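Below is one structure, written out as structure tokens, with a few remarks after it.
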Amino acid sequence: MKNVSVYALIFLIGGLAYCMLELLFRQRTHLSMFFVGGLCVVLLNIIATKSRVAPWKKWIAAGALITTAEFIAGAVVNIWLGLNVWDYSHMRMNLLGQISLSFTLLWVLLSIPAIWVLEAVDKKRTQKGGVTP
């Protein structure tokens, strides 16, 4: 049960952080981004704490994961449901206007501090005998 609480907290923090990033840079967000952000940070936590690969591999995996999540969310929210939450079709190297190489590179860069924080929190939690999801 404690694992569920830890994952729920990570999901909540991730969803809020993702929406805050959007508000900061785009001055708007959408409820779907809360769920995408929450899921992404839960998965980033798994990459950060369970994977024993070189840090740069974690960063690239995180960027790919976030880009994939955004593509799937965009396909559902923007293409299938027609909500037009975002459109990157004006950007170079985009895929169906849902993702772009520029944002993938940004996600890789943003994953560096995110993974560092997730690893540090996990280390503190396990040192204190806390539950590791």
Side-chain angles (χ1 to χ4, degrees):
M1 187 65 182
K2 287 185 179 183
N3 274 350
V4 172
S5 298
V6 170
Y7 279 121
L9 180 61
I10 292 169
F11 184 92
L12 178 66
I13 291 169
L16 292 173
Y18 204 95
C19 288
M20 294 302 290
L21 278 172
E22 281 212 310
L23 289 171
L24 183 65
F25 291 101
R26 292 187 340 137
Q27 289 75 50
R28 61 189 168 90
T29 190
H30 187 266
L31 180 61
S32 61
M33 294 298 92
F34 173 81
F35 293 102
V36 171
L39 175 64
C40 284
V41 175
V42 166
L43 296 173
L44 284 182
N45 186 66
I46 293 168
I47 289 171
T49 61
K50 306 297 184 204
S51 176
R52 301 295 171 225
V53 299
W56 66 270
K57 290 180 180 180
K58 291 181 183 184
W59 306 333
I60 291 172
L65 179 137
I66 296 167
T67 300
T68 301
E70 280 204 332
F71 182 76
I72 293 168
V76 172
V77 172
N78 295 325
I79 297 172
W80 186 43
L81 297 176
L83 296 178
N84 299 316
V85 176
W86 70 88
D87 180 7
Y88 299 147
S89 60
H90 65 282
M91 298 180 76
R92 293 177 56 195
M93 302 186 78
N94 76 80
L95 180 60
L96 301 176
Q98 303 311 302
I99 56 173
S100 74
L101 181 59
S102 300
F103 280 103
T104 299
L105 296 174
L106 178 64
W107 290 125
V108 170
L109 291 175
L110 288 173
S111 73
I112 295 169
I115 287 175
W116 180 81
V117 167
L118 290 166
E119 288 173 338
V121 168
D122 183 66
K123 185 176 180 181
K124 279 284 190 196
R125 188 173 54 238
T126 55
Q127 285 176 348
K128 292 184 178 186
V131 175
T132 301

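For the numbers below, each heavy atom of this structure counts, side chains included, while hydrogens, waters and symmetry mates do not. What you are looking at is a predicted structure, and each value in this text was computed from that prediction instead of being measured.
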Requested in this report: For residues 71-92, pull every pair meeting salt bridge (charged side-chain N to carboxylate O under 4.0 Å, His left out), keeping only residues two or more places apart or in separate chains.
Outcome: none
Report task. Indicate if L83 and I79 have the same hydrophobic cluster label, given that clusters are the connected sets of ILVMFWY residues with side-chain heavy-atom separations under 4.5 angstrom. Result -> no
Report summary line: Between A73 and V36 the two heavy atoms that sit nearest each other are CB-CG2, 3.4 Å
Query raised in the report: Can you pull the ring pair (Phe, Tyr, Trp, His ring centres under 6.0 Å) pairs that have at least one residue in residues 98-121, sequence neighbours excluded?
Result: Y18-W107, Y88-F103
Query raised in the report: Is I112 reachable from I13 through a run of hydrophobic residues whose side-chain heavy atoms are each under 4.5 Å from the next?
Result: no
Requested in this report: Scan for ring pair (Phe, Tyr, Trp, His ring centres under 6.0 Å) pairs involving residues 32-72, sequence neighbours excluded, and state none if there are none.
Outcome: F11-F34
Query raised in the report: Can you name the nearest heavy-atom pair linking N94 to L96, along with the distance?
Result: OD1-N, 3.6 Å
Requested in this report: Hey, could you give me the CD1/CG distance between I60 and L105, rounded to the nearest 0.5 Å?
Outcome: 10.0 Å
Query raised in the report: How many angstroms lie between atom CZ of R52 and atom NZ of K57, to the nearest 0.5 angstrom?
Result: 14.5 Å
**Report entry** Smallest separation among heavy atoms of V41 and G14, with atom names
**Finding:** CG2-CA, 3.4 Å
Query raised in the report: Roughly how far, to the nearest 0.5 Å, is the CG atom of D122 from the CD atom of Q127?
Result: 10.0 Å
Query raised in the report: Would you find a donor on one side and an acceptor on the other, under 3.5 Å apart, between the side chain of T67 and the backbone of A64?
Result: no
Query raised in the report: To the nearest 0.5 Å, what is the distance between CD1 (I99) and OG1 (T68)?
Result: 7.0 Å
Query raised in the report: Do L44 and I66 have side-chain heavy atoms sitting under 4.5 Å apart?
Result: yes
Query raised in the report: Which residues satisfy the side chain to side chain contact (heavy atoms under 4.5 Å, CB included) test with V117, sequence neighbours excluded?
Result: V121
Query raised in the report: Do T104 and M93 have side-chain heavy atoms sitting under 4.5 Å apart?
Result: no
Query raised in the report: Can you tell me how far NZ of K123 sits from CG of L118, rounded to the nearest 0.5 angstrom?
Result: 15.0 Å
Report summary line: Across all chains, not counting sequence neighbours, the side chain to side chain contact (heavy atoms under 4.5 Å, CB included) partners of S51 are V53, K58
**Report entry** Transitive ILVMFWY side-chain link M91 to L21, under 4.5 Å
**Finding:** yes
**Report entry** Shortest non-hydrogen separation from A48 to I115 and the atoms involved
**Finding:** CB-CG2, 3.8 Å
Report summary line: Tightest non-hydrogen contact, residues L65 and I47, listed as CD1-CD1, 4.0 Å
Query raised in the report: Going only through I, L, V, M, F, W and Y residues with side-chain contacts under 4.5 Å, is there a path from L81 to M33?
Result: yes
Query raised in the report: Does R26 have any salt bridge (Lys or Arg N to Asp or Glu O under 4.0 Å) partners at least two apart in sequence or in another chain, and if so, which?
Result: E22
Report summary line: Here the gap from E70 atom CD to L95 atom CG, rounded to the nearest 0.5 Å, amounts to 12.5 Å
Query raised in the report: If you take all heavy atoms of Q98 and G74, which pair is closest and at what distance?
Result: OE1-CA, 3.1 Å
